[in-house]
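Beneath this line is the structure, given in structure tokens, with notes to follow.
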Amino acid sequence: MSGGGIEARVRRSLYGARRWHPAEIVFWILAVAAFFLLPRQLLILNEIAILGLFAVSLDLILGYAGIVSLGHAAFFGFGAYAAGLFAKHASADPLVGLAVGMGAAGLLGLLTSPLILRGSDLTRLMVTLGVALILGELANSLGWLTGGADGLQGIVMGPVLGLFEFDIFGKVAYLYSLAVLFVLFVLARRIVGSPFGLSLRAIRDNPLRASASGVPLHWRLVAVYALAAAYAGAAGALLAQTTQFVSLDVLAFHRSADLMLVLIIGGVGYLYGGLIGAVAFKLLQDVIASFTPQYWMFWIGLFLVLFVLGGRELIHGGIKAVVGRVARLGRRSPT
Amino acid sequence: MLTILFDGVAYGMILFVLACGLSVTMGLMNFINLAHGAFAMLGGYVTVLAMQRLGLPFLWALPAAFLAAAATGLVLERLVYRPMYAKSHLDQVMFSIGLVFMAVAGADYLMGSSQQFVHLPAWLSGRFDLAGIGVGRYRLFIIVLCGALAFAMQWGFTRTRFGSRLRAAVDDARVARGLGIPVNRLFALTFAFGSGLAGLGGALGIELMGLDPTFPLKFMIYFLIVVTVGGTSTISGPFFAAMLLGVADVTGKYLVPQLGAFIIYALMVVLLITRPHGLFARGRA
């Protein structure tokens, strides 16, 4: 105990979460190890990384700012189309395309953010859903640009950093997605731990009190909404680049609904929730689809219902126990 | 032009019957029930089965659809909905999406994925000409029936003992309980009634909207638009919202079909921005 002063204590409790927990380091080592341990599953791993990034994006607005959205696929799809079109017509460089996808989706988030500033949860759900539906309709009817129902074909990607050529096994794709995920995740981690992130939590818990204590409510919400939109755009751009194809599916309602499920499985309000949820969701989808390919929707639905009705504590308790054990292991072996 | 308007009104009437059950549950219990369309689909399938397997006439199949959906609503309310009332909106959304997914896959499993049809009796099919307007008999039937329903509901909500108790329970459930109003039973009945209306709407709508397992997902948006735009505290709000929506949708699809559902979504977003608490909202945060 160096400083017992109240200021130091406050600082410690506010910023204590900034330090890296051993379990977090183990998590990322596992993610990299998966590349070597599961060489046949790289395409799925790539999808998990993208879904994880997408879930982190939703968590930024839902878990930290309390904004519910049923149309987060709008930004995912917008980023995907932006990156796909950019690759097709302008430049094949992945990183520039990624920036374009992020920027386009972020801009869209900025433009649509006034919509989420008004009304109740229900209005927000509907307006976000409406935006995604409008984009879906647009993408469908602007066939000359987006390829309509056939999807955007003919995307050719150049090598990452001019060095690594995309291959059919998804080797480069997974490492590329994982690297982008990691960088954006670390950034998000910094952001939610910053005064900005703390003020978001204050808004989430009690908007009235937050604004009374001087938090500029609207601007903070606009900023985090645009940020989350850019993150979703990055996830979409990754999908477009690594699969070299964009279809109307990227804007579909079920993508937003699945994303909610991912986040709910993993847990809302701590960034790893999205990542853990993405892994669990893909595994679940894989297992269910293998024994009943046609009716997997039913089982997902049943899972959701049971989960919300009371299974959540069970699963999260289990995760916490494992994390706690890993953490203890990390502490016991000082290096 | 007037024909389009007429068709739009009929479509709006169906939307109203389908959605006002939802506005009842959503407004009363403050419960976001995205699975409402599943009850409508149930009503539709009951009608199809009753007519094809049992050979019931169309007019008899309608009450059957209402009853089946209402009974299912009653049972589900007891079993799974009640624990959800106290949970957050997000949980309710997830829960009801789960129900929708189950209903969609279940209907696919039981009934197959193809579109279902019903044969309307002869006196309900065809059109006749009335002062230059092409009037579809079936659409006229819908307008009359649903219009009567709307009036009955408005009357029941504002003039009867049941209605006033219900409004009391909505405004303050605790005080209502203190006054000896059986709030739980009232809500359960209301929920069943709302589900029944959805079933009836689904049965009536087969001819106009089609019926296949994706029905709950496809029309979920429409119900929600009606309810959110119309507001949840009155009957007239959703009614006007449904009319507006029905006319706009039908007109849009006739005149500029390439835009598809775009008009509806844009209309919704605009309305929600300008009136975030619905068309005729009482002051409510």
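We name chains A, B, ... by the order of the sequence lines, and we start the count at 1 in each one.
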*Would you please test A:Val68 and B:Val93 for side-chain contact (heavy atoms from CB on, under 4.5 Å) and show each step?*
CA-CA 10 Å; A:Val68 288; B:Val93 165; over 6 Å; no
*What's the verdict on side-chain contact (heavy atoms from CB on, under 4.5 Å) for A:Met260 and B:Ile97, showing C-alpha distance, side-chain angles and the deciding distance?*
CA-CA 10 Å; A:Met260 283 276 212; B:Ile97 288 181; 5.9 Å; no
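Neither the backbone nor the side chain of B:Val100 comes within less than 4.5 Å of any heavy atom in chain A. In this structure, chain B has heavy atoms under 4.5 Å from both the backbone and the side chain of A:Leu261.
Between B:Phe101 and A:Gly301 the shortest heavy-atom distance is CB-CA, 3.9 Å.
Residue B:Leu79 qualifies as enclosed at atom CG: its count of foreign heavy atoms under 6.0 Å is above 12.
Here A:Arg255 pairs with A:Asp249 under the salt bridge (charged side-chain N to carboxylate O under 4.0 Å, His left out) rule; sequence neighbours left out.
Here the CZ atom belonging to A:Phe298 is positioned 10.0 Å from the OH atom belonging to B:Tyr109, to the nearest 0.5 angstrom.
At a threshold of 4.5 Å between non-hydrogen side-chain atoms, the residues B:Leu99 and A:Val305 count as touching.
Applying the salt bridge (Lys or Arg N to Asp or Glu O under 4.0 Å) test to residues at least two apart or on different chains, none of the pairs has a partner in residues 58-72 of chain A.
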